[in-house]
Amino acid sequence: MASKLNILAVDDDELYRAQIELILKDFGNLTTCSSQAEAFEALESQQFDLAIIDLNLPDELAGFKVLAKAKLQNAHVIVLSSEDAEEIF
């Protein structure tokens, strides 16, 4: 049997984190974080195979900083990003 993946999911939206957890819980060891600080702590304490990162974390460029740190581990990355229609127009 193949070993389970170590997966990091970073999103400040609790609902999105819950959905990611529901979908991926059987695929590996999932660590969820709601901020850049939590994500950095997780990335410093363990190695991840896959990182799912919201680029629109509250702090300026926080999502991009988490992305860069995850890539230093050679993790595969899936980027999430969403905007409300009001924010776009």
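Computed from a prediction, not measured in an experiment: that's the story for all the values here.
Transitive grouping of hydrophobic side chains (ILVMFWY, heavy atoms separated by less than 4.5 Å) brings F64 and L43 into a common cluster. Cluster membership for F40 and L57, using ILVMFWY side-chain heavy atoms within less than 4.5 angstrom, is shared. Tracing side-chain contacts under 4.5 Å through hydrophobic residues (I, L, V, M, F, W, Y), one never reaches I20 starting from V66; they form parts of separate clusters.
Each salt bridge (charged side-chain N to carboxylate O under 4.0 Å, His left out) pair with one or both residues in residues 62-73, not counting sequence neighbours, appears once here: E44-K69. Screening residues 16-35 for salt bridge (charged side-chain N to carboxylate O under 4.0 Å, His left out), with sequence neighbours left out, gives no hits.
Scored by the side chain to side chain donor-acceptor pair (under 3.5 Å) test, T32 finds no partners at all (sequence neighbours excluded). Judged as a side chain to side chain donor-acceptor pair (under 3.5 Å), and not counting sequence neighbours, the contacts of E38 are S34. Residues satisfying the salt bridge (charged side-chain N to carboxylate O under 4.0 Å, His left out) criterion with E14, sequence neighbours excluded, are absent altogether. Shown here are the side-chain contact (heavy atoms from CB on, under 4.5 Å) partners of L15, two or more places apart in sequence or in another chain: D13, Q19.
In this structure, D11 CG and S35 OG are separated by 11.5 Å, a value rounded to the nearest 0.5 Å. Considering CG of L8 and CD1 of I78, their distance stands at 11.5 Å, rounded to 0.5 Å. Note that CG of L67 and CG of L61 are 11.5 Å apart. Values are rounded to the nearest 0.5 Å. Going from atom NZ of K4 over to atom CG of L24 covers 11.5 Å, rounded to the nearest 0.5 Å.
Remark: Y16 OH is loosely packed, at most 12 non-hydrogen atoms of other residues, nucleotides or ligands lying under 6.0 Å away.
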Would you list the atom pairs, donor with acceptor, under 3.5 Å between side chains in residues 46-55 and any protein atom, with sequence neighbours excluded?
residue	atom	partner	partner atom	Å
Q47	NE2	Q73	O	2.8
D49	OD2	N6	N	2.7
D54	OD1	N56	N	2.8

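Closest approach of V10 and A39 over heavy atoms only: CG2-CB, 3.7 Å.
Grouped with L72 in a hydrophobic cluster is no other residue, since no side-chain heavy-atom contact under 4.5 Å to another Ile, Leu, Val, Met, Phe, Trp or Tyr is found.
N29 is not listed as a side-chain neighbour of I7, based on a closest heavy-atom distance of 4.5 Å or more.
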